[in-house]
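Only one structure is covered here, and it is reproduced in the block below.
Keep in mind that the numbers below use all heavy atoms, side chains included, and drop hydrogens, waters and symmetry copies.
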Amino acid sequence: MSAASDSRTPAEAVAPPPPAAWKRALAKARSNPTTMVGALICLAILLGAVLAPWIAPHDPAEQNILDRLLPPGGDYPLGTDQFGRDILSRLLWGARISLSVSLSAIAIAMVIGGAIGMVSGYIGGRFDLITMQVMDVLLSFPSLILGLIVVALLGPDLVNLIVAIALTAIAPFARIARAPTLALKERAFVEAGRALGFSHTRILFRHILPNITSEVMVMATLWLATAVRVEASLSFIGLGVKPPTPTWGGMTRDGFENILDSAWLATLPGLAILLLVLGLNMVGDGLRDATDPKLRNE
Amino acid sequence: MVFFFVRRLLAAVPTLLAVLTLVFVIVRIVPGDPALVILGDQATPEAAAALRARLGLDRPLWEQYLSFLGNALTGDFGNSLVTGRPILAEVGAVLPHTIDLTVAAMLFGVIIGVPVGIWAALHRNRAIDVAARILSLFGLSFPVFVSGIFALLLFSLHWRLFPVIGSANLDDPADRLHKLVLPAVTLGLVMAAYITRVTRSAMLASLSEDYIRTARAKGVPWRRVVWVHGLRNASLPIVTVVGLYVGILLGNSVLTEIVFNRPGLGKIIVGALNQRDYTMLQGLMVIYCFLIVVVNAVTDLLYGVLDPRVQAT
């Protein structure tokens, strides 16, 4: 391709083309069996959650006192709980809470944390120093404790749960976005952009952001797994979305109270949580191997 | 060496101040009047005003902040709103249980994680390595309360090897240990998984260094090369993860304590949440942060012991 036919500005022409890097990483991830199995698990749970209103055999809140604590089988494929509610239907509806809370919390954390890290690294100097110090303080709280306290103080509902989980994940996203920004701002294509008089906003969004997205996205997959776990833990403690809305953590807790005679009430939702977290970790792990520059040349 | 220690300990002071400030801010950000939150909507204005005065909420914000800092640094966190006893005494009574649990879980993680990680690194891409990677992925995907429930079902209810109720007599070492095994293994599982992974990659990196080849070339026995030359140089990332993970262990100990019905900080925090024990929550936050700052400082000190180059920087 000749320089004349290249419609991109010179600065953009020197920038490493991100789509190719993405494609390479995806191709590598696709050839990794762990990633594919993980992706299948996540996809199946996502489908179950989206299709819950159509495929759930019963109403998740419907109580049939005559059918209390039935073991799996028959009219109720996975049995019923102490109020005679169908476990399978409640698991399917619970997946919606698990996925929507963790996806929105991580999306918020990714945007806010990513922006903080990118801008902080780009500006540098004392601003960067102070911002990162604040992030370190935030990071020194264990996410469960921070989430616990924020939900406890704000009151347990869907929005507060999302805010609490997002808050615990902002600092790691800031760190992961900052590190490559520090390296990128010294690169020739950023300096060329600056020499051409591009605004800082344009450099940040058009030249730096595309080059840090893969790191940030991998981080998001791994943190999604943590978010699912924290949401389930908070629901287990009793700080999740209020009953009768089915949540996996809440179902585990209810089942735990009947563990002596109806163990499946606690183990089935527990297995659901484990499966989703495992699936997300498998995907995140494969993506990290595929995008990690240290491992790429092996 | 002493200079290094002192400097590192002093470095923890700003962090501690920042964390205390964050706690102060979080508690003050809560929407609504804390007095009304504690007393409920039906409280008379006089009762609310009296409680505000008792909590010091009627004073200017900077005065509240300074007295909060001063009290926190002298270990005075006020009295529980529910029991009326000093928070430090309430926490101190159960803290040994939580520390037992966290330390035991950490030891379990290290004892399992380091050898398995080294083993996997030495058999890279062979069956053992693949098995270790898959198992560790499983291990770190288990929410603590789920693994706790499974452990309880199998080992306490099915095989009856361990007690279901976990309140140990602190003065009886055998009882203390017996009731600690199951919760500690449950809590340590995730840590073992993390340490396996970090040890594996750190060992892979250090074993490919030139000094390893030199050591082998001059005839150092392979066992010694791995455990001394290899592991010593892989120890920094391992210590980092252990240090980071102790904080997460403290968080997860809340869940473990609920599942195994053990006394500890977790039980107190859940009780305080349910009863809106506002001063207790604030005190607990400070105590958790203090523990984590201490762990971070110890991790930093360990760096200096393990790698003399760190002391110079």
Side-chain angles (χ1 to χ4, degrees), chain A residues 34 38 133-134 136-156 167-168 225-226 228-234 236-239 248-249 252-253 255-256 259-260 263 266-267 269-282 284-285 294-295 298, chain B residues 14-15 17-19 21-23 26-27 29-32 34 37 133-134 137-138 140-150 152-153 157-158 164 197 201 205 244 246-255 258-259 266 269-270 272-274 276 278 281-282 284-285 288-289 292-293 295-296:
Chain A
T34 322
Q133 211 100 66
V134 173
D136 277 351
V137 170
L138 216 52
L139 213 56
S140 73
F141 282 92
S143 44
L144 188 61
I145 299 285
L146 188 60
L148 202 92
I149 284 160
V150 174
V151 176
L153 292 176
L154 295 178
L167 193 64
T168 65
T226 307
V228 170
R229 222 174 41 204
V230 172
E231 188 274 330
S233 306
L234 289 175
F236 182 76
I237 294 175
L239 288 173
W248 289 353
T252 313
R253 183 187 188 91
F256 187 51
I259 196 156
L260 287 176
T267 50
L271 280 177
I273 303 166
L274 171 66
L275 207 60
L276 180 54
V277 177
L278 182 67
L280 289 168
N281 271 333
M282 286 165 99
D285 221 44
K294 267 181 287 180
L295 298 169
E298 277 174 15
Chain B
T15 320
L17 274 181
V19 167
T21 310
L22 187 69
V23 171
I26 288 183
V27 174
I29 277 180
V30 188
V37 171
R133 291 189 73 176
I134 292 176
L137 207 56
F138 255 96
L140 60 90
S141 299
F142 257 112
V144 179
F145 61 94
V146 175
S147 44
I149 287 173
F150 281 115
L152 212 53
L153 276 173
L157 297 175
H158 189 71
V164 180
R197 294 163 74 92
S201 61
L244 267 179
V246 171
I248 302 179
L249 282 183
L250 272 174
N252 280 337
S253 69
V254 174
L255 294 166
I258 295 176
V259 171
I269 206 170
V270 172
L273 288 174
N274 290 333
R276 297 188 173 284
Y278 181 81
L281 278 180
Q282 178 171 305
L284 278 172
M285 258 200 284
Y288 269 114
C289 296
I292 287 159
V293 170
V295 170
N296 288 347

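- Taking each heavy atom of I145(A) and G251(B) in turn, the nearest pair found is CG1-CA, 3.7 Å.
- Counted within 6.0 Å of CZ on F138(B), heavy atoms from surrounding residues, nucleotides or ligands total 12 or fewer; the atom is thus considered open.
- Put simply, the side chain of I237(A) does not reach to within 4.5 Å of the side chain of I269(B), judged on heavy atoms.
- Residue L239(A) touches chain B through its side chain alone, counting heavy-atom pairs closer than 4.5 Å.
- Evaluation of the side-chain contact (heavy atoms from CB on, under 4.5 Å) rule for S147(B) yields F142(B), T186(B), L189(B) as partners, not counting sequence neighbours.
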side-chain contact (heavy atoms from CB on, under 4.5 Å) for T34(A) and R133(B)? Distances and angles first, verdict last. CA-CA 10 Å; T34(A) 322; R133(B) 291 189 73 176; over 6 Å; no

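- When all heavy atoms of R229(A) and S141(B) are compared, the closest pair comes out as CD-O, 4.4 Å.
- Contact of L137(B) with chain A is made through backbone and side chain together, with heavy-atom distances under 4.5 Å.
- When L276(A), L275(A), T267(A) are compared by the number of non-hydrogen pairs under 4.5 Å with chain B, T267(A) comes out ahead.
- In terms of the ring pair (Phe, Tyr, Trp, His ring centres under 6.0 Å) criterion, Y288(B) has no residue partners (sequence neighbours excluded).
- Of the two parts of T226(A), neither the backbone nor the side chain holds a non-hydrogen atom closer than 4.5 Å to a non-hydrogen atom of chain B.
- Using a 4.5 Å cut-off between heavy atoms, N281(A) touches chain B through backbone and side chain atoms alike.
- Between the CG atom of L144(A) and the CG atom of L250(B) there is a distance of 11.0 Å, given to the nearest 0.5 Å.
- Contacts of A232(A) with chain B are made by both backbone and side-chain atoms, with heavy-atom separations under 4.5 Å.
- For L146(A), the part lying near chain B is the side chain, with the backbone staying farther off; criterion is any non-hydrogen pair under 4.5 Å.
- Shortest non-hydrogen contact noted between I149(B) and T252(A) is CD1-CG2, 3.5 Å.
- To the nearest 0.5 angstrom, I258(B) atom CD1 is 9.0 Å from F256(A) atom CZ.
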